[in-house]
Amino acid sequence: MLRSLYLVMKRYILYIFLLVFISCQNESQQTAQEASKPNVIIIYADDLGYGDMGAYGGELATPHMDFLAENGVRFTQGYASSATCTPSRYALLTGTYPWRNKNAKILPGTAPLLIQTTQLTIPKVFAAEGYQTAIVGKWHLGLGTGQVDWNKRISPGPNEVGFQYAYIMAATQDRVPTVYIEDGHVENLDPSDPIEINYRENFEGQPTGKDNPEMLKMRWHHGHNSSIVNGIPRIGYMKGGETARWVDEDMADTFLVKAQEYIRSHKEDPFFLYYALQQPHVPRTPHPRFVGATGTGPRGDVIAEADWCIGELISTLREEGLLENTLIVFSSDNGPVLNDGYYDDAVEKLGTHEPSGGLRGGKYSLFEAGTRVPFMVYWKDHIQPKVSDAMVCQMDLLSSLASLIGSKQSSTDSENLLETFLGTSDKGRDQLVIEATSRTAYREGDWAMIPPFEGPAKNKNVNIELANLSDYGLYDLSSDRSQQNNLAKDNPEKLLAMIAAFEEIRGKDYGKIEQLELK
Ligand code: NG6
Ligand code: CA
C-alpha cells in the first residue's frame, strides 16, 4: 500500500518536473523570439530643430522626448537626408537618396505617389518577416497616379507600398485636402457633398485667404492664401467634403488615439508603426489644453503638445506590457523654421530659445541646421544610455532595422548601422550627401563641403540662410560647428578631395537644378 502510494507520488513529482521544464523552455523560446522580433516604432516630427528638445540644449521643456534621449542612444550627428519633408520621408522609407528621384521635392496635395509600388520600403521589409505594419500621421509622398478622385478609394498610396494599415493626412497641415484618409478612403465623407481639389485655380464662389481676410482666425504672411478651412487659409483650393474636414486643434489627439488603438489591437504579434507627427509644422494649432503652455506662442505650445503625445504613447506601451519589447526611433524630417507663412508669433515670442541649437541655417538650408536633427533610439533594457557622435542618417534605418529583425534586405544607399543604433558601436557612416530644395552638399568626417549655387543667400520670408554660396564652402565642424569660417581657400587640397569624393557618389551634374518654387 505504502509502496504503491510512493510510486504514484514519484510519478506525479516527475510529471510536475516535466511540466515546469517544458514551460521554462517555452518561455525562453518566447523571450528569444520576442528579442528577435521586437515591435518597432518610428516617431517622426515635422520641422523640429536640432536645438528644439531639452536633451539637445533647448529651453523648451520636452520631458518625454528627453526620456527617450536620456535612456537611449542620442546622436549628436543624426541627419535627415534633406532640409524639407518629402525628400526626407522618401529617403527614410525607401533607404534611397532622394536626388535619385527627380520628383522628390515638396509635393502639392494632388501629386501622384512618389514611391514606386515595386520599390523596397521599410514596411515591406517588416511585412516580409511576418510583421504587421502601419502608418499614422503625415504622409506627403503623393497619392494616386495623376488625377485623384477623392470620393473613391485613393490608390496607390501607403497601403500599396507596404503599410497594411494607413491613417493619414495626404500632404501637410497647410495644404488641401484637409481630411483624414483611412486605408484610401476619406473619413466621414458625405457622398452628396463630394470633394474637389485644384492647385491652380479656385472654384467659383469659394472664399480665399487673399480675398476674404474677414473670415480668418490666422493671418497669412506669405503663400497660404487660397482656400479657407476652419478660418485658416491654406495652400491649394478645395470645395466640398464639409463633414470630412479635420479640426486642426484636434489633430494631435486624433493621430495619438489612432496610434494607441493600433498598438492595443495589434499587440499579440510583432508590429512596425510609423507615427508621423504634424508638429511643429505650420499652421501651429495647439489644442486649447496646450495654448499658453510654454509662453513662447503656438510654436512652443505645439512642441509641448507633441511631447505630451509621445509621453502618452510610451505610457500605452508600458500599460500593455510592451515597452521592453519595442524599439523606438525618434527624429525629425528637417530643421527648424519660425515664420513659415503665417503670423503666429513664432519669431516674436521666441525669447532666448534657439531651435537650431547653434547650427547655421534651418529648414530649406544646405547649412547644418537644415538636415542635422534630433535623433535617438530607445529600447528598454536592451540599449544602454549613451551619447553617440557617430554620423548616421535616417536613410540607414532600412538596412539596419532589416538586420535587427533577421532580414537580409537592404538598399544601396542605406548602410547597416544596427550596432551603432543599438549603441554597441561608435562607427557611423564615413560620408553623406545632404539635400536642400534640390541642391546637394557633402559631409565626410569632420568636414562639410557646399558647392556654389545660384539664388538668394537668404530666403527673406522665412529669414533663413539657404547656403547659396558664390564659391565652394568648406567647413571643419569639429572646431566650427556653426560654419562661420570658410576654409576652401586655405585648404585647397582638402577641398579638391571633398569635391572628388562628392562627385563619385552624386555624379557631376549636381549643378543643374530646377529652382523650386515654394508653394
Ligand atoms: C512651402 C510652404 C511652407 C511649407 C513647406 C513644406 C509656402 C510659401 N511655403 O512651400 O509653408 O508648407 O512648403 O514643408 O507656401 S515641409 O516640411 O512639408 O517640407
Ligand atoms: Ca517638415
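Order of listing sets the numbers, starting from 1, for every ligand and every atom in it. From a predicted model like this one, the values you see are computed outputs, not experimental measurements.
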Q: I'd like to know if Tyr364 contacts ligand 1, where contact means a heavy-atom distance under 4.0 Å to any ligand atom.
A: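 Heavy atoms of Tyr364 do come under 4.0 Å of ligand 1.
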
Q: Would you check, one step at a time, whether the test side-chain contact (heavy atoms from CB on, under 4.5 Å) holds for Val329 with Leu397?
A: CA-CA 9 Å; Val329 180; Leu397 288 169; 4.0 Å; yes

Q: I'd like to know if the side chain of Thr84 pairs up with that of Ser82 as donor and acceptor (distance under 3.5 Å, no hydrogens or angles considered).
A: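 No - no donor-acceptor pair under 3.5 Å links their side chains.
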
Q: Which of the numbered atoms in ligand 1 are under 4.0 angstrom from any heavy atom belonging to His281?
A: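 So the answer, numbered in order with elements, is 4 (C), 6 (C), 12 (O), 14 (O), 16 (S), 17 (O), 18 (O).
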
Q: Nearest heavy-atom pair of Thr371 and Glu435: which atoms, and what distance?
A: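 In this case the closest contact between Thr371 and Glu435 is CG2-O, 3.9 Å.
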
Q: Number the atoms of ligand 1 from 1 as they appear, then name those within less than 4.0 Å of a heavy atom of Asp174, with their elements.
A: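 In order of numbering, the contacting atoms are 3 (C), 4 (C), 11 (O), 12 (O).
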
Q: Which pairs pass ring-ring contact (aromatic ring centres under 6.0 Å, His included) with one or both residues in residues 225-258, sequence neighbours excluded?
A: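 Output for this query lists Tyr180-Trp246, Tyr180-Phe255.
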
Q: Output yes when the distance from some N or O of ligand 1 to some N or O of Thr84 is under 3.5 Å, and no in every other case.
A: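 No, there is no polar N/O contact under 3.5 Å.
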
Q: Does at least one non-hydrogen atom of Gly341 fall below 4.0 angstrom from an atom of ligand 1?
A: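 No, Gly341 has no heavy atom closer than 4.0 Å to ligand 1.
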
Q: Could you list the atoms of ligand 1 found under 4.0 angstrom from a heavy atom of His140?
A: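 Result: 18 (O).
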
Q: For residues 155-163, dump all side-chain donor-acceptor pairs below 3.5 Å to protein atoms at least two apart in sequence or in another chain.
A:
unit_1	atom_1	unit_2	atom_2	d
Asn159	OD1	Arg153	NH2	3.0
Asn159	ND2	Phe163	O	3.0
Asn159	ND2	Asp183	OD1	3.1
Glu160	OE1	Gly157	N	2.7
Glu160	OE2	Arg153	NH1	3.2
Glu160	OE2	Arg153	NH2	3.3

Q: What is the total of protein N/O/S atoms that are closer to the Ca ion (ligand 2) than 3.0 Å?
A: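 Excluding waters, the total comes to 5.
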
Q: Does the side chain of Asn468 come under 3.5 Å of the side chain of Arg439 through a donor N or O and an acceptor N or O?
A: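 Distance-only check passes for Asn468 and Arg439.
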
Q: Which pair of heavy atoms, one from Asp301 and one from Ala293, lies closest together, and at what distance?
A: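 That would be OD1-N, 3.3 Å.
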
Q: Using a strict cut-off of 4.0 Å, indicate which atoms of ligand 1 neighbour a heavy atom of Ile235.
A: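 Ligand 1 atoms under the 4.0 Å threshold to Ile235: 15 (O).
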
Q: For the residue pair Tyr262 and Tyr167, is the inter-centroid distance of their aromatic rings smaller than 6.0 Å?
A: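 Here the rings of Tyr167 and Tyr262 have centres that are no less than 6.0 Å from each other.
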
Q: Quick one: which ligand 1 atoms are inside 4.0 Å of a heavy atom on Asp46?
A: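 Numbered from 1, ligand 1 contributes 17 (O).
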
Q: Quick one: does Thr86 get an N or O within less than 3.5 Å of an N or O on ligand 1?
A: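 Checking ligand 1 against Thr86, no N or O pair falls under 3.5 Å apart.
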
Q: Heavy-atom contacts with Thr172 under 4.0 Å: which atoms of ligand 1 show up? List them by number with element.
A: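 Heavy-atom distances to Thr172 below 4.0 Å select 18 (O).
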
Q: Taking heavy atoms and a distance under 4.0 Å, where does Gln278 meet ligand 1: side chain, backbone, both or neither?
A: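 It is neither part, as no heavy atom is under 4.0 Å.
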
Q: When you measure from the side chain of Asn339 to the backbone of Tyr343, do you find a donor-acceptor pair of N or O atoms at a distance under 3.5 Å?
A: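 No, because the side chain of Asn339 does not come within donor-acceptor range (under 3.5 Å) of the backbone of Tyr343.
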
Q: If the condition is side chain to side chain donor-acceptor pair (under 3.5 Å), which residues does Lys363 pass it with, not counting sequence neighbours?
A: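 By the side chain to side chain donor-acceptor pair (under 3.5 Å) rule, Lys363 matches Asp47, Asp340.
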
Q: Just heavy atoms, cut-off under 4.0 Å: does Asn461 contact ligand 1 by side chain, backbone, both, or neither?
A: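 No part of Asn461 is near ligand 1 at this cut-off.
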
Q: Ignoring hydrogens and geometry beyond distance, is a side-chain donor-acceptor pair present between Thr62 and Asp66 at under 3.5 Å?
A: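 Yes, because at least one side-chain N or O of Thr62 sits under 3.5 Å from a partner of the opposite role on Asp66.
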
Q: Short question: side chain of Arg443, backbone of Glu368 - any donor-acceptor pair under 3.5 Å?
A: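 The answer is no, because no donor-acceptor pair under 3.5 Å joins these two groups.
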
Q: Please check this pair: side chain of Arg299 against backbone of Lys349, looking for a donor-acceptor N/O pair closer than 3.5 Å.
A: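 No, the answer is negative, given that no donor and acceptor are paired below the 3.5 Å cut-off.
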
Q: Can you sort out which atoms of ligand 1 are near Asn334, meaning under 4.0 Å from one of its heavy atoms?
A: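 Taking each heavy atom of Asn334 in turn, ligand 1 has 17 (O) under 4.0 Å.
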
Q: Counting both backbone and side chain atoms, is some N or O of His224 under 3.5 Å from an N or O of ligand 1?
A: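 Checking ligand 1 against His224, an N or O pair does fall under 3.5 Å apart.
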
Q: For Tyr275 and Phe330, I'd like to know if the aromatic rings sit close, meaning centre-to-centre distance below 6.0 Å.
A: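 That pair fails the under 6.0 Å test.
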
Q: Below 3.5 angstrom, do we get any N/O pair linking Ile106 and ligand 1?
A: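 No, there is no polar N/O contact under 3.5 Å.
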
Q: Using distance alone, determine whether His222 and ligand 1 share an N or O pair under 3.5 Å.
A: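 The answer is no, given that His222 and ligand 1 share no N or O pair closer than 3.5 Å.
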
